[in-house]
Amino acid sequence: MNRFISFEGIDGSGKTTQIEILINKLKSANEKAISFREPGGTSISEDIREILLNNKNSTLTDTAESLLFFASRSQLLSDKIIPLTNQGYFVICDRFNDSTIAYQGYGNKIDLNYLYTLSDYCVNNFRPDLTFFLDISVDLSMKRRKMKLSDRIESRGEDYLEKVRSGFLEIADNNPKRFIIIDGEDNKTNISNKIWDIVSDKYKIS
């Protein structure tokens with residue numbers, strides 16, 4: 001059992017907030033913990049992130065988009081995630097492979113078998129031990145992001161996000177031992193308490 005945990009959800013689901021709370025709780029329990037965002041986390045991966053999310057890159061093809069996500073992830077795994085988990089760290093990732101399957105597969109209609117094959121090659125069987133999916137409605141997602149400038153992927157609209165959310169739920173159904181669905185519309189404290197109860201029990205943290 002590794003100490004690699006991912007958080008998934010459509011835009012505005014509260015992942016960043018809950019990751020920060022979890023990191024603080026782990027450190028308060030004298031555990032080594034660090035978080036990364038995807039795409040990103042290394043200098044190379046951050047450069048790829050700029051390409052992926054910049055609105056000026058409107059002609060980026062769906063296939064190129066998927067391959068760039070996998071490239072960024074491969075670099076992050078090699079440089080950060082695997083070495084740190086080997087050192088006993090809790091590594092918490094804001095998005096991982098499931099996001100690529102949901103956004104590029106279900107959202108962009110790229111063949112899922114193709115994406116899963118690339119995914120297996122990219123991560124070489126190194127996957128999160130636990131994944132929290134913070135589930136919110138697309139309507140709430142749009143409301144929470146109303147005052148924010150949308151990036152290239154966030155600009156795709158409600159219908160796209162509905163497909164992505166449905167994709168996440170199907171992925172969760174197919175991976176019940178790893179995925180925990182959390183009501184992201186609950187209040188922040190209740191959500192963080194539920195997450196902590198699961199993490200502290202699974203990893204025997206007192």
Side-chain angles (χ1 to χ4, degrees), residues 4-13 15-16 19 35-82 91-129 131-136 138 141-142 145 148-175 178-179:
F4 179 29
I5 300 171
S6 63
F7 278 70
E8 300 286 2
I10 62 174
D11 307 304
S13 61
K15 295 180 285 76
T16 303
I19 289 171
S35 65
F36 298 103
R37 67 177 182 178
E38 275 229 323
T42 72
S43 59
I44 293 173
S45 299
E46 290 292 336
D47 287 344
I48 295 173
R49 180 185 182 88
E50 172 62 23
I51 296 171
L52 281 164
L53 301 186
N54 196 316
N55 284 305
K56 72 179 182 181
N57 296 324
S58 59
T59 60
L60 188 69
T61 67
D62 292 344
T63 300
E65 176 178 292
S66 300
L67 292 171
L68 284 170
F69 273 110
F70 285 126
S72 172
R73 184 167 303 128
S74 177
Q75 196 71 40
L76 179 61
L77 269 173
S78 177
D79 288 0
K80 301 289 185 178
I81 295 176
I82 292 175
V91 176
I92 317 298
C93 209
D94 187 342
R95 301 198 181 284
F96 200 63
N97 261 19
D98 299 304
S99 274
T100 303
I101 303 301
Y103 278 83
Q104 282 66 55
Y106 289 89
N108 285 348
K109 301 283 188 193
I110 291 182
D111 182 79
L112 292 176
N113 290 327
Y114 167 73
L115 287 180
Y116 276 118
T117 298
L118 285 172
S119 172
D120 290 342
Y121 175 74
C122 169
V123 303
N124 195 25
N125 292 320
F126 195 92
R127 293 178 172 81
D129 193 50
T131 297
F132 290 104
F133 173 58
L134 303 185
D135 187 29
I136 64 171
V138 170
S141 171
M142 300 301 287
R145 291 175 40 244
K148 296 181 179 179
L149 182 64
S150 294
D151 62 37
R152 192 181 64 84
I153 293 175
E154 291 171 341
S155 300
R156 290 173 178 166
E158 294 183 40
D159 289 344
Y160 177 76
L161 278 183
E162 289 285 5
K163 294 173 186 175
V164 172
R165 178 173 178 258
S166 295
F168 272 127
L169 291 171
E170 187 168 319
I171 295 167
D173 285 342
N174 292 335
N175 296 273
R178 174 169 65 87
F179 256 82

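Keep in mind that what you see is a predicted model, and the values were worked out from it rather than measured.
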Can you tell if the side chain of Phe70 reaches within under 4.5 Å of the side chain of Val123, non-hydrogen atoms only? no
Taking atom CD1 of Ile51 and atom CZ of Arg49, what is their separation to the nearest 0.5 Å? 13.0 Å
Show, in sequence, the C-alpha distance, side-chain angles and deciding distance for Leu60 and Leu68, and conclude whether the side-chain contact (heavy atoms from CB on, under 4.5 Å) test is met. CA-CA 10 Å; Leu60 188 69; Leu68 284 170; 4.1 Å; yes
How far does CG of Asp79 sit from OG1 of Thr42, to the nearest 0.5 angstrom? 5.5 Å
Would you please say whether a donor-acceptor pair under 3.5 Å links the side chains of Ser35 and Asp94? no
Nearest heavy-atom approach of Asp129 to Arg178 is O-CG, 4.1 Å
Minimal heavy-atom distance between Ser45 and Gln75, with the atoms involved, is OG-CB, 3.6 Å
Of Glu170, Lys163, Glu162, the residue whose pairing with Tyr106 passes side-chain hydrogen bond (donor to acceptor under 3.5 Å, both in side chains): Glu170
Within a strict 4.5 Å, meaning less than it, do heavy atoms of the Leu161 and Ser141 side chains meet? yes
Roughly how far, to the nearest 0.5 Å, is OG of Ser6 from CZ of Phe179? 6.5 Å
Minimum-distance pair of heavy atoms, taken over all atoms of Glu38 and Cys93: CG-SG, 3.8 Å
Quick one: does any side-chain atom of Thr117 pair with a main-chain N or O of Asn113 as donor and acceptor, under 3.5 Å? yes
CG of Asp111 to CG of Asn108: how many Å apart, nearest 0.5 Å? 13.0 Å
The single option from Asp11, Asp135, Asp159 passing salt bridge (Lys or Arg N to Asp or Glu O under 4.0 Å) against Arg165: Asp135
Determine the minimum heavy-atom distance between Ile171 and Ile101, stating which atoms define it. CD1-CG2, 3.7 Å
Salt bridge present between Arg73 and Asp98 (N-O < 4.0 angstrom): no
Main-chain N/O of Leu134 paired to Glu8 side chain as donor or acceptor, under 3.5 Å: no
Electrostatic pair Asp120:Arg127 at N-O distance under 4.0 angstrom: yes
I need the minimum non-hydrogen distance between Phe96 and Phe126, along with the two atoms involved. CE2-O, 4.0 Å
Which distance, rounded to the nearest 0.5 Å, do you find between the OG1 of Thr100 and the OH of Tyr116? 10.5 Å
Heavy-atom check, side chain of Leu169 versus side chain of Phe133, under 4.5 Å: yes
Between Phe69 and Pro39, which heavy-atom pair has the shortest distance, and what is it? CE2-CD, 3.6 Å
Distance in Å, Leu52 CG paired with Asn57 CG, rounded so as to fall on 0.5 Å steps: 8.5 Å
